[in-house]
K.L.:
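Below is a structure I'd like to ask you about.
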Amino acid sequence: MEATTKITQVDGCDFTSLELEQFHAFYKYPWSTHSLSDASLEEKLTHYTKHHPDASLSRLQQWLESMQNPQTQLYERFRAFDFASAPGFHALLTKVYGDKEVNKHDIEQRMERAKVEYYNGIEQMDYGEYVAYKESTAPKAQCPYQHLWQNDQESSPAASKEVGHVRVLDLAEFFDSPVTADAMDKLARTVGEAGQDSGCHAVAVLGSSSSGVFLPALDTGDLATAKRTLRARLRLEIALRQLNAEKPLVIFANGSVHPSAFSLLQTTRETILSEEFSLQPASPLPYALYNWAHLGDAVAPGTAEYALGYSALAIRGGEWQGELSQGCGFVGRRNWEPSKSRILLAASCPPPHTRNALRQACLVESQYPGPCRIGVWKKEILQYFAPLIRPSSPEGSTYGAGELIRELEKVDKPWARKYVEFGQAVDGRRQWELWVVALRAARDMEYSQALALEYNLADALWDSADAGDIACAEQLVRRAANGPSLSEILGSADSAPNNTQAAVIADIPAECPFARMYRQDPSRFAHIDLGALSLHHAKLG
């Protein structure tokens, strides 16, 4: 940038006239047009010298130091201080996240107070004076939507392996494409070590790969490899769930997820999605069967069947947090790095406040993910796809993929024709039949049983060329349900981590205790007229 004012060196000045002109240009630089109004001085210097090679970074720093008063220099040192790795700072986070319900403003104010309190042990600093300084030097918003971009920062490098008391696991260090059994077993061992580390308060899983893929497809090179890889995924899934039962687990999903690895994303509710997240759930094999069968009471019946019934349907943040009611947060590309840093800092809060601090941070950092493209079809889902959940209609007739296709043909609308075209193809019809029957079975199963059913179905489909025949979907699922148990499947000759051979989580999350009792032993409720109760409930509704 050319300086608009001629500046001449005077006696006693240590800088040349050319340098002074450059300094003036830096001072007048339009930071707001580059989304750097609220950036730190270090970020501004880096940006300016990167785009103005003739400017010297060291000389600029000397000039700025000569222009600043001691108080301003103190505040710059305070802002540049690395609190995430500062010994003892994490104990102060209990003051930030101590309450169960706080808003973003309260958390930001408490965090600033905690930082000033800690920094006072290094240099004396008054909180009230710092707040007054911030308010007096804060840039005035030029646009009512400026807050959407004014905190933008250039991409930062991948997070280190540990942030305070948080173990950070970068999938780029474990997974290639496709994901091998050895890679997942290695990650499972690392997860087990983190669970046993008393100095680790929480674990974060993220991906620094620039490929746009967060969880690649599993390796299915040949029959033996496919089976071994699926067993490894089951072990890793169990290890992540066991870890999350002991200490908080947060996943930052900033890329596409393959259906074969989707269940790894479902091992925790603390999942933060970016704009790059996407999932095309439909697949020939019933991957993540337990997760799709137990989406939760807030999800409309038939939603799983709708999502899995069309191969081109893509799920993004809006659907994931909207109609599917999964995950706990969405952060846009512009704020991804700073929000991730603040969430990781919150996760370093010492027990027993760690999980609450993490959830609060996820909540306040989360943004609107965009509209849900599944919710707008809720009426159609309830009318056409919800009946697939039941083995038969109230009239006693079977309602399956064939009946659904005939009903959708009558609709004769673009969205319905897509499903009809997919379901009329031989492979599509087989896929529908298998998913519908498998989901019915998995809804009455505990976690370990559903995992065994998923593996046994995949095993049968891989072993038999005609196992996917429409006529034998019921028989195939029935045979798989009576196949080897999860402990028998994982007790193979694989070099499995010992901790994942232990007992697995068996209860269905958020299931009503009475529903669990009925599912496990219906005879205990034989004396109750369930039909009368249902009629009474309908009248009340």
Side-chain angles (χ1 to χ4, degrees), residues 35 84 148-149 151-163 166-179 183-184 187 190-191 202-218 236-237 240 244 248-281 288 291 314-322 324 326-347 358-359 361-373:
S35 302
L148 294 176
W149 65 77
N151 291 323
D152 288 2
Q153 296 184 5
E154 295 183 2
S155 297
S156 63
S160 61
K161 293 184 179 180
E162 190 166 339
V163 178
V166 181
R167 181 75 64 88
V168 178
L169 305 179
D170 185 354
L171 293 183
E173 298 179 4
F174 295 90
F175 292 171
D176 289 319
S177 183
V179 182
M184 285 188 285
L187 179 55
T190 306
V191 167
V203 174
V205 176
L206 51 83
S208 63
S209 172
S210 59
S211 66
V213 178
F214 181 67
L215 286 172
L218 301 187
L236 176 56
E237 182 179 337
L240 289 169
N244 193 39
L249 168 66
V250 58
I251 298 178
F252 297 91
N254 60 335
S256 63
V257 174
H258 192 270
S260 60
F262 164 63
S263 60
L264 299 178
L265 194 68
Q266 289 286 74
T267 53
T268 178
R269 286 286 297 179
E270 277 64 67
T271 304
I272 304 297
L273 308 180
S274 76
E275 295 168 51
E276 287 75 26
F277 168 79
S278 67
L279 167 71
Q280 286 183 286
N291 306 103
I315 292 174
R316 299 190 180 274
E319 292 76 42
W320 191 248
Q321 283 194 272
L324 296 178
Q326 308 296 305
C328 72
F330 173 89
V331 176
R333 186 185 301 109
R334 296 177 181 277
N335 295 314
W336 181 256
E337 291 299 335
S339 291
K340 183 171 67 177
S341 298
R342 287 190 286 268
I343 292 172
L344 290 175
L345 181 60
L358 174 60
R359 287 175 176 171
C362 290
L363 179 65
V364 300
E365 294 296 335
S366 183
Q367 303 166 346
Y368 175 59
C372 174
R373 292 171 295 177

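Because only heavy atoms are used, hydrogens play no part in the values below, and waters and symmetry mates are left out as well, while side chains stay in. Keep in mind that what you see is a predicted model, and the values were worked out from it rather than measured.
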K.L.:
I'd like to know whether Asp170 forms a side chain to side chain donor-acceptor pair (under 3.5 Å) with Ser208, so could you lay out the CA-CA distance, the side-chain angles of the two residues, the decisive distance to 0.1 Å, and finally the verdict.
P.N.:
CA-CA 7 Å; Asp170 185 354; Ser208 63; 2.5 Å; yes

K.L.:
Please check this pair: side chain of Gln266 against backbone of Asn291, looking for a donor-acceptor N/O pair closer than 3.5 Å.
P.N.:
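Looks like no, no N/O pair under 3.5 Å.
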
K.L.:
Mind listing the closest non-hydrogen atom pair of Gly255 and Ser274 along with its distance?
P.N.:
N-OG, 4.3 Å

K.L.:
Would you give the length of the straight line joining atom CZ of Phe252 to atom OG1 of Thr271, rounded to the nearest 0.5 angstrom?
P.N.:
10.0 Å

K.L.:
Does Ile272 reach the side chain of Cys362, with side-chain heavy atoms less than 4.5 Å apart?
P.N.:
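Counting from C-beta outward, Ile272 and Cys362 do come under 4.5 Å.
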
K.L.:
Compare every heavy atom of Glu237 with every heavy atom of Ser263, then report the nearest pair and how far apart it is.
P.N.:
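Closest pair (atom of Ser263, atom of Glu237, distance): OG-OE1, 2.8 Å.
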
K.L.:
Can you tell which of Val203, Leu344, Ile343 makes a side chain to side chain contact (heavy atoms under 4.5 Å, CB included) with Val166?
P.N.:
Leu344

K.L.:
Should Pro178 and Pro216 count as side-chain neighbours, where that means a heavy-atom distance under 4.5 Å?
P.N.:
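No; the side chains remain at least 4.5 Å from each other.
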
K.L.:
Look up atom OG in Ser341 and atom CG in Asn335, then write down how far apart they are to the nearest 0.5 Å.
P.N.:
11.5 Å

K.L.:
Restricting to non-hydrogen atoms, name the atom on Val257 and the atom on Phe214 that form the minimum distance, rounded to 0.1 Å.
P.N.:
CG2-CD2, 4.2 Å

K.L.:
So, for Ala172 and Ser209, which heavy atoms are closest and what is the spacing to 0.1 Å?
P.N.:
CB-N, 4.1 Å

K.L.:
Output yes when a side-chain donor or acceptor of Asn254 lies under 3.5 Å from a complementary backbone atom of Leu206, and no otherwise.
P.N.:
no

K.L.:
Which of these passes side chain to side chain contact (heavy atoms under 4.5 Å, CB included) with Phe174: Leu236, Val179, Val205, Leu187?
P.N.:
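Of Leu236, Val179, Val205, Leu187, side chain to side chain contact (heavy atoms under 4.5 Å, CB included) with Phe174 is met by Leu187 alone.
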
K.L.:
Which distance, rounded to the nearest 0.5 Å, do you find between the CD1 of Ile315 and the CG of Leu279?
P.N.:
5.0 Å

K.L.:
Regarding Arg316 and Glu319, does a basic nitrogen lie under 4.0 Å from an acidic carboxylate oxygen?
P.N.:
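Result for this pair is no, no salt bridge flagged.
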
K.L.:
What distance do Leu169 atom CG and Leu240 atom CG have between them, rounded to the nearest 0.5 Å?
P.N.:
8.5 Å

K.L.:
Please determine whether a side-chain nitrogen of the Lys or Arg among Arg333 and Glu276 lies less than 4.0 Å from a carboxylate oxygen of the Asp or Glu.
P.N.:
yes

K.L.:
How far apart are the closest heavy atoms of Gln280 and Pro259, and which atoms are they?
P.N.:
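So the two residues come closest at O-CG, 3.0 Å.
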
K.L.:
Given 3.5 Å as the limit, does a donor-acceptor pair link the side chain of Thr268 with the main chain of Leu249, or not?
P.N.:
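Side chain of Thr268 to backbone of Leu249: a pair is present.
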
K.L.:
Does the pair His258 and Val213 meet the rule for a side-chain contact (heavy atoms from CB on, under 4.5 Å), with working shown?
P.N.:
CA-CA 9 Å; His258 192 270; Val213 178; over 6 Å; no

K.L.:
Does Thr267 reach the main-chain N or O of Leu264 with its side chain, forming a donor-acceptor pair under 3.5 Å?
P.N.:
yes

K.L.:
Closest heavy-atom contact between Ala84 and Leu345?
P.N.:
CA-CD1, 3.9 Å

K.L.:
Side chain of Ser260, backbone of Leu218: donor and acceptor closer than 3.5 Å?
P.N.:
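It does hold such a pair.
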
K.L.:
Parallel, tilted or perpendicular, judged at 30° and 60°: which one describes the rings of Trp320 and Phe277?
P.N.:
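Aromatic pair Trp320/Phe277 classed tilted.
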
